[in-house]
Number of protein chains: 2
Amino acid sequence: MTPRMADNVREALEQMIVTGEYADGERLDEIRLAERFHVSRTPLREAFQMLAASGLVELLPRRGAFVRHPAFPEMIEMFEVMAELEAVCGRLAARRVTPEVLEQVRATVIACEAAAHAGDSDGYYRENEHFHHLIYTASGNDFLAAEARRLHKRLQPFRRMQLRVRGRMIQSLAEHRQILTALETGDSPTAEATLRDHVAVQGARFNDLMASYKQSNLRANPPPVALRG
Amino acid sequence: MTPRMADNVREALEQMIVTGEYADGERLDEIRLAERFHVSRTPLREAFQMLAASGLVELLPRRGAFVRHPAFPEMIEMFEVMAELEAVCGRLAARRVTPEVLEQVRATVIACEAAAHAGDSDGYYRENEHFHHLIYTASGNDFLAAEARRLHKRLQPFRRMQLRVRGRMIQSLAEHRQILTALETGDSPTAEATLRDHVAVQGARFNDLMASYKQSNLRANPPPVALRG
DNA sequence: AATGGTATTCTTGTATACAAAAAGTTTGAC
DNA sequence: GTCAAACTTTTTGTATACAAGAATACCATT
């Protein structure tokens with residue numbers, strides 16, 4: 001499907017970074033990675049460019065490519081934007097969602113609940129992802145949906161952290177139900193507010209996330225020093 | 001400041017595309033551009049990657065790089081997202097804006113009015129840009145501000161179109177005043193709503209924009225055909 | 001031992017070379 | 001005259017070569 005090596009490499013690196021295989025500030029060695037993927041430096045550098053564009057790595061001129069996990073304050077900022085994007089998606093979706101997509105949302109909420117009750121946290125994670133992507137689609141604004149997916153992916157490592165927090169799953173399920181109902185009844189304000197709160201990092205969740213963040217291996221290495229002149 | 005040729009090329013191409021020098025669907029010839037910029041294909045291809053990441057060009061595998069001006073429906077979608085982003089910026093800014101930034105907003109509103117009354121449309125355009133960037137900054141969320149700036153830039157060619165519409169400047173000025181007042185008084189809902197309406201494409205503005213779009217040279221060429229298989 | 005300067009090694013950025021795919025052209029059959 | 005198949009040209013994607021900047025090691029001096 002994708003005949004370009006650069007795209008394969010990007011995808012592989014993206015997965016490695018997003019799953020936390022690399023710590024923050026770690027340098028991506030062109031030569032070693034080229035050998036590892038059996039390609040030359042050229043497609044590798046193209047992959048670096050793409051990763052830099054989506055914010056996963058930072059390209060320091062004449063220094064190299066460094067994995068860039070957001071620091072805690074930046075992560076909070078990103079969640080704030082994510083919450084607002086989802087809120088907008090929800091508001092629009094309540095007015096625009098098609099019966100087909102609404103049916104898919106319904107099915108996904110049920111699948112989520114099933115996974116939760118079965119204690120299948122991987123399944124829950126997957127269905128939860130699906131739920132949110134459907135909300136983006138339901139907004140009826142393809143550009144908005146694409147932007148939301150982009151940020152969603154970028155927050156993936158942190159969302160995994162958050163999932164570990166006890167009791168989160170049950171509350172999350174209830175919120176999914178609420179959102180579904182709001183979409184079914186065309187209740188824009190409720191869909192908007194519920195989705196915002198669903199995603200927002202506030203109250204006790206803030207502390208949970210902070211604790212997880214500190215424990216995570218995402219910030220093991222110091223970021224490279226940006227030289228002046 | 002930027003010793004990388006690839007970055008220079010990207011910036012140059014970005015300006016050329018954004019100012020409408022290339023029509024939609026136009027192919028960017030690696031070899032000719034390389035000669036024109038006196039660089040090899042390598043930095044040029046890096047520039048293409050970056051432009052593709054920000055959505056200004058589309059990279060068709062084995063086909064080349066094509067300038068990608070959004071079609072009308074996509075442009076409307078983008079404006080919808082822009083309106084929501086600015087609305088969020090406004091809501092947050094009303095609560096978080098620092099006295100320093102607020103003072104800058106005030107100065108910019110005045111400069112905007114001065115330019116408008118002097119009939120200096122270039123100056124008005126510049127100050128208007130400044131105004132919106134300040135709103136992004138005032139949100140206190142650097143990530144949000146960066147995202148807003150990114151989309152703002154992407155919409156630049158269309159904003160220029162919009163400016164031609166008669167009477168738009170006077171209404172715009174009044175809205176700036178309203179927004180400033182909302183920030184000064186910490187009135188989040190008003191800041192949010194006014195900014196959304198300020199940016200949103202609706203009512204008569206929709207028709208104005210559509211007319212401008214049809215007249216523009218942005219869609220002169222047909223987009224490249226995406227081959228299957 | 002610590003510091004500063006210099007030489008060496010590594011790494012990045014760019015140019016070029018080459019292979020493979022797409023586009024374009026010519027030729028031939030009907 | 002039209003269509004299609006084979007051939008040619010062009011263009012992209014990747015590998016490699018080379019130049020210049022950054023990092024490192026080494027040595028001299030204090």
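Throughout, a chain's letter reflects where its sequence line sits, starting with A, and its residues are numbered from 1. In this text, all values refer to a predicted model and were calculated from it rather than measured experimentally.
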Between atom [atom1] in [X] and atom [atom2] in [N], what is the gap in whole Å?
{"X": "A:Leu44", "N": "D:dG13", "atom1": "CG", "atom2": "P", "result": "16 Å"}
{"X": "A:Glu46", "N": "C:dG13", "atom1": "CD", "atom2": "P", "result": "14 Å"}
{"X": "B:Leu28", "N": "D:dT12", "atom1": "CG", "atom2": "C1'", "result": "14 Å"}
{"X": "A:Arg27", "N": "C:dT11", "atom1": "CZ", "atom2": "C1'", "result": "7 Å"}
{"X": "B:Met5", "N": "D:dC18", "atom1": "CE", "atom2": "C1'", "result": "17 Å"}
{"X": "B:Glu35", "N": "C:dT16", "atom1": "CD", "atom2": "C1'", "result": "14 Å"}
{"X": "A:Phe66", "N": "D:dA23", "atom1": "CZ", "atom2": "P", "result": "8 Å"}
{"X": "B:Arg45", "N": "C:dG13", "atom1": "CZ", "atom2": "C1'", "result": "16 Å"}

So, does [X] use its side chain to make a donor-acceptor pair with the main chain of [Y] at under 3.5 Å?
{"X": "A:Ser139", "Y": "A:Ile135", "answer": "no"}
{"X": "B:Arg10", "Y": "B:Pro43", "answer": "no"}
{"X": "A:Glu77", "Y": "B:Phe143", "answer": "yes"}

Any base atoms under 4.0 Å from B:Glu30, or only sugar-phosphate, or nothing? Heavy atoms, all strands. sugar-phosphate
Closest nucleotide of DNA chain D for B:Ile31 versus for B:Thr42: which of these residues is on the 5' side? B:Ile31
Which nucleotide sits closest to the side chain of [X]: [options]?
{"X": "B:Arg62", "options": "C:dT11, C:dA21, D:dT14", "result": "C:dA21"}
{"X": "B:Pro43", "options": "D:dA15, D:dG13, C:dA15", "result": "C:dA15"}
{"X": "A:Arg63", "options": "D:dA22, D:dT11, C:dA15", "result": "D:dA22"}

Ring centroid separation for A:Phe72 and A:Phe206, is it under 6.0 angstrom? yes
With a 3.5 Å cut-off and just heavy-atom distances, do the side chain of A:Arg41 and the base of C:dG13 make a donor-acceptor pair? yes
Quick one: CG on B:Leu33 to CG on B:Leu13, what's the gap to the nearest 0.5 Å? 6.0 Å
For C:dA15, does either OP1 or OP2 sit under 4.0 Å from a side-chain N or O belonging to B:Ser40? yes
